[in-house]
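Input: a single structure, listed below in structure tokens.
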Amino acid sequence: MREILVNPEYENLRGFLERLPDTFESIGEVIQNNRNDIRICEVGGVKVVIKAFKGMYLPNRIAYSILTPSKAYRSFHYSFRLLAKGINVP
């Protein structure tokens, strides 16, 4: 099972997030579908932006699994760094 980190402010969206891998393709409006897939939708009165990362080549998968945190993990934590500097993030 995957670990799901949820900002305590949005804990009410946990159920939506747990179902997301199964429902991603059918929800929201696609705002980018190039290298990664980015969608925007409203859930429980909250507008959310969802990003799905495309697959990686084998050497990169190995590096990310052993040497560095995943893209999703870094994206989540870097957004807090940007917010602390006054930069709004989706």
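Please read these numbers as outputs of a predicted model, since none were measured by experiment.
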Inset, instruction - Report, as yes or no, whether the 6.0 Å neighbourhood of atom CZ on Phe80 holds more than 12 heavy atoms from other residues, nucleotides or ligands. - result: yes
Legend entry - Heavy atoms of other groups near Tyr73 OH, more than 12 under 6.0 Å: no
Pairs of donor and acceptor atoms involving the side chains of residues 17-27, under 3.5 Å and at least two apart or interchain, shall be tabulated with distances.
unit_1 : atom_1 : unit_2 : atom_2 : d
Arg19  : NH1    : Gly15  : O      : 3.0
Thr23  : OG1    : Arg19  : O      : 3.2
Ser26  : OG     : Thr23  : O      : 3.0

Value rounded to 0.5 Å, distance of [atom1] in [X] from [atom2] in [Y]:
| X | Y | atom1 | atom2 | result |
| --- | --- | --- | --- | --- |
| Glu29 | Ile40 | CD | CD1 | 7.0 Å |
| Ile66 | Thr68 | CD1 | OG1 | 10.0 Å |
| Ile38 | Ile50 | CD1 | CD1 | 11.0 Å |

Legend entry - ILVMFWY network linking Ile4 to Val48, side-chain heavy atoms under 4.5 angstrom: yes
Legend entry - Tyr10 with Val43, same ILVMFWY side-chain cluster at under 4.5 Å: yes
Inset, instruction - Return the minimal non-hydrogen interatomic distance between Gly28 and Cys41, and the atom names on each side. - result: CA-CB, 3.6 Å
Inset, instruction - State, with a plain yes or no, whether a side-chain heavy atom of Val46 is found less than 4.5 Å away from one of Phe16. - result: no
